[in-house]
Amino acid sequence: MLLSGLNKEQQSAVTCDVSSSVLVLAGAGSGKTRVLTTRVAWLIENNFATLEQILAVTFTNKAAKEMQHRVSEILHVPVSKNLWIGTFHSISLKILGKHSVEANLPKFFQVIDSHDQQNLIRRLLKNLNLEEDNYPPKELQKFINNHKELGMRADGLAPDGMRQQMYVKVYQEYESYCNQEGLVDFTELLLRCYELLSTQKDILNMYRARFRHILIDEFQDTNDLQYRWIKLLAGADNKVFAVGDDDQSIYAFRGAKVSNMQSFIRDFNVGETIRLEQNYRSTPEILSAANAIIANNNGRIGKNLWTNNQASDKLHLYEAYTEEDEAFFVVDEIKNLARQGYDLSRIAILYRSNAQSRVFEQLFYQQGIAYQVYGGLRFFDRQEIKHALAYLRLVVNSSDNEAFLRIINFPARGIGAVSIVNLQSIADERQVSLFDACKISEGKSSKNLLKFVTLIENIKVNVVNLDLQDTMAYIIEASGLKAHYEEDKKSGVERLENLNELINAIAIYNKDGVNSVAEFLANAVLESSGDTQKPTLGSAVQLLTIHSAKGLEFDTVFIAGLEDGLFPHDNCLMENKELEEERRLMYVAITRARKKLYLLRACSRLMWGKRQSAPLSRFVNEIPSELINNISGISQIGSTDINGIEQDASNYNHGIAPKNPETKISRVSLLENDLTIKIGDTVKHAKFGNGKVLHLNIDGKKMTGDIFFIGLGKKTLDLNIAKIEKC
DNA sequence: AATTCTATCATTTTT
DNA sequence: TGATAGAATT
């Protein structure tokens, strides 16, 4: 029953011998998640394990939720309470929360994200009188995280030379500050958990006795520490069911090691590796393109992904003049699809870097296309959210100095830098928190400080009987945050919306039966913005990086910015290892598509305020040309010389229908000399040469056009005066 | 203390 | 180019 609908390989993976560890090599779109969830259900139904005896580790919170949902569905019972499903980080957090004393953590330890981590390092550098130019915070962050990933604490390091010494010094300071303030960064969650389990045998044995079956998703993306963590937890007796695809390893930059798959086979005595090679997702054309690209990588474990799906369209390549043009094209296609009643949420635009989303966002907004962006500025990174949470933190734990500093003078209450320095010295002297120092401070602002103390204490009293979301709502009001943002004309409305959204997020969170403030705060940091993004009404086009698209699928996919230098990224062109990772990223991008795949490239792109041109991505050239339909007609595949673009670029009809008549972008503009031009047309100017029409504006009698000329960039011309002709 | 100005950074990807 | 943090100004 459980196994119906599964193919032979999937079935043998699900029903694999429970007395040994298993490695499943699962190609893209081969039903990996289904195998994982069915395996869990199968273990339960056949009494090989109870829900409590299973630990499932996923790569993202999103994947964890999806898996929880699907297991509940198969088993017809909600499994959230008993079955542990989560990321390495969230499971480590859960364990640390249960054993904070043994882990030498304060009861209210605070998880910090990499942003906070970097800011903290900056502050420490300042205290140590080190120039950021000589000691880049990013480098130090890497240094600290890398060492933590190798299990190395600052004290155990033997620095070599002056520079190394300073690095270690910063690491030391960082550690002692974190310990003092109860701060835990992402890597620390794992390392601290690992240390807890390896030093406290009774705790380790308890978990070993519990988790008889450990399932790991996206195994190719595990790093050293995670691998050791699994090994420790599994011990000699428990069995690990690992699923991965070496071709989809895209996190080596973060320390992920594909070689963990080989190590796993050796260390866990894996007898037979099961391969899932039938792809159920994509058309043969899409799959062939993906296979052709990934074949250029060396050292692959190797597999032969195939499909029975029906032959369909070729891949479409559109070579745009600029990034705006690129977005125009996408809008046009989406409008066509929308007219046919296509569900917009099945469309995704994938890009290499977050910054690329902006052009799309702007145009989508302008054209009234619903869209949703994942990633980018994270919800919990916004200042208003951080402020609100800082109040919450201080109310829960008055010795949270980080939170104190964030809100002591926000909204402004007359407490300046001088008062804070005073407070700090009092706190140091008497060994008390900054908050307690307020009560004993003397001086000009002591009145204001006491007022602040009263404010917090009052909040404390008034929220005792409130649940988490009412507490938050009350805090936003009582702290004066709400009033402050109501006054703010510039961005107040949006910030208030976000604060409301925060209350909603808490409500959703509370529904799952979790209601400890500390737990919420910690998880808030771990949740990427994906789930906490403002919900969009109805269906919306999905905009996301390729990294965050891993594990997802869409009917129609646009891959934007296929230019050498952007994708593959400049920083990855030097080393073959890195180029191969970029290629895997391209492989992941392509294999997200079910039916339609568009490859997009801009001949020139605005970067750092400057217009720069780049050749077509080498990855596109790795796709056999018979699989590609070049609808731009700008250049043949392989031609990377944008100066050679002289032919008609508009054999693809690229008109844009305006949403409102008053929209300045119009589809067609009629000139007095009987010439009709529209957006997307290539025109010839006597002086500037060939160019492409990007915008048409009509303001009264005045007609202007933004035209992009090769080598010159965008120019706005008065169409009644400028001498242009259609090519 | 609030507003405006200016300088600097950012664009590789995420838990 | 555009966001933002810190400086400078009122």
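Numbers restart at 1 for each chain; the letters A, B, ... are given by sequence-line order, proteins then strands. Keep in mind it's a predicted model, so treat the numbers as computed, not measured.
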Participant: Compare side-chain N and O positions of Arg254(A) against OP1 and OP2 of dT13(B) and report whether any pair is under 4.0 Å apart.
Facilitator: no

Participant: Please say which of Arg611(A), Arg358(A), Arg605(A) ends up in a salt bridge (Lys or Arg N to Asp or Glu O under 4.0 Å) with Glu323(A).
Facilitator: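 Going through the options one by one, the only one that passes is Arg611(A).
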
Participant: Map Ile415(A) and Leu566(A) onto DNA chain B by nearest heavy atom, then report which one ends up closer to the 5' terminus.
Facilitator: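 This one resolves to Ile415(A).
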
Participant: Is Phe88(A) stacked on the base of dT15(B), with ring centres under 5.5 Å apart and planes under 30° apart?
Facilitator: no

Participant: NE2 of His484(A) versus C1' of dT3(B): gap in Å, rounded?
Facilitator: 12 Å

Participant: Would you kindly give the CG-to-C1' distance between Asp185(A) and dT15(B), to the nearest whole Å?
Facilitator: 11 Å

Participant: Of the candidate nucleotides dT14(B), dT1(C), dA10(B), which contains the atom at the shortest distance from the side chain of Thr545(A)?
Facilitator: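 Ranking dT14(B), dT1(C), dA10(B) by closest atom to the Thr545(A) side chain puts dT14(B) first.
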
Participant: Which residue in the set Asp221(A), Asp224(A), Asp246(A) passes salt bridge (Lys or Arg N to Asp or Glu O under 4.0 Å) when paired with Lys257(A)?
Facilitator: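 Going through the options one by one, the only one that passes is Asp224(A).
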
Participant: Across the strands shown, which category fits Thr187(A) at heavy-atom distances under 4.0 angstrom: base, sugar-phosphate, nothing?
Facilitator: nothing

Participant: Below 3.5 Å, does any donor atom in the side chain of His89(A) face an acceptor in the base of dT15(B), or the other way round?
Facilitator: yes

Participant: Is the distance between the ring centroids of His387(A) and Tyr391(A) under 6.0 Å?
Facilitator: no

Participant: Would you indicate, yes or no, if dT11(B) has its OP1 or OP2 atom less than 4.0 angstrom from a side-chain nitrogen or oxygen of Asn354(A)?
Facilitator: no

Participant: What's Tyr251(A) touching, base or sugar-phosphate or nothing? Going by heavy atoms closer than 4.0 Å.
Facilitator: sugar-phosphate

Participant: How close or far is atom P of dT14(B) from atom CD1 of Ile112(A), stated in whole angstroms?
Facilitator: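 Going from CD1 in Ile112(A) over to P in dT14(B) covers 19 Å.
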
Participant: Rounded to the nearest Å, what distance is computed from the CD atom of residue Gln118(A) to the C1' atom of nucleotide dT14(B)?
Facilitator: 14 Å

Participant: Does Asn409(A) or Leu585(A) map to a spot on DNA chain B nearer the 5' end, using the closest nucleotide for each?
Facilitator: Asn409(A)

Participant: Taking the six-membered ring where the residue is Trp, are the ring centres of Phe219(A) and Phe264(A) under 6.0 Å apart?
Facilitator: yes

Participant: Rounded off to whole Å, could you give me the NZ-to-C1' distance for the Lys550(A) and dT12(B) pair?
Facilitator: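 My rounded result for the distance is 15 Å.
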
Participant: I'd like to know whether Tyr207(A) forms a ring pair (Phe, Tyr, Trp, His ring centres under 6.0 Å) with His99(A), so could you lay out the CA-CA distance, the side-chain angles of the two residues, the decisive distance to 0.1 Å, and finally the verdict.
Facilitator: CA-CA 12 Å; Tyr207(A) 284 109; His99(A) 312 280; 5.6 Å; yes

Participant: When the C1' atoms of dT4(C) and dT13(B) are compared, how many Å lie between them, rounded to an integer?
Facilitator: 23 Å

Participant: Can you find a side chain N or O atom of His547(A) that sits less than 4.0 Å from OP1 or OP2 on dT13(B)?
Facilitator: no

Participant: In whole angstroms, how far is the P atom of dT14(B) from the CD atom of Gln141(A)?
Facilitator: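 It is 14 Å, rounded to the nearest whole Å.
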
Participant: Rounded to whole Å, please give me the gap between CG in Asp570(A) and C1' in dA10(B).
Facilitator: 15 Å

Participant: What's the OH-P distance between Tyr351(A) and dT13(B), to the nearest Å?
Facilitator: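 Going from OH in Tyr351(A) over to P in dT13(B) covers 10 Å.
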
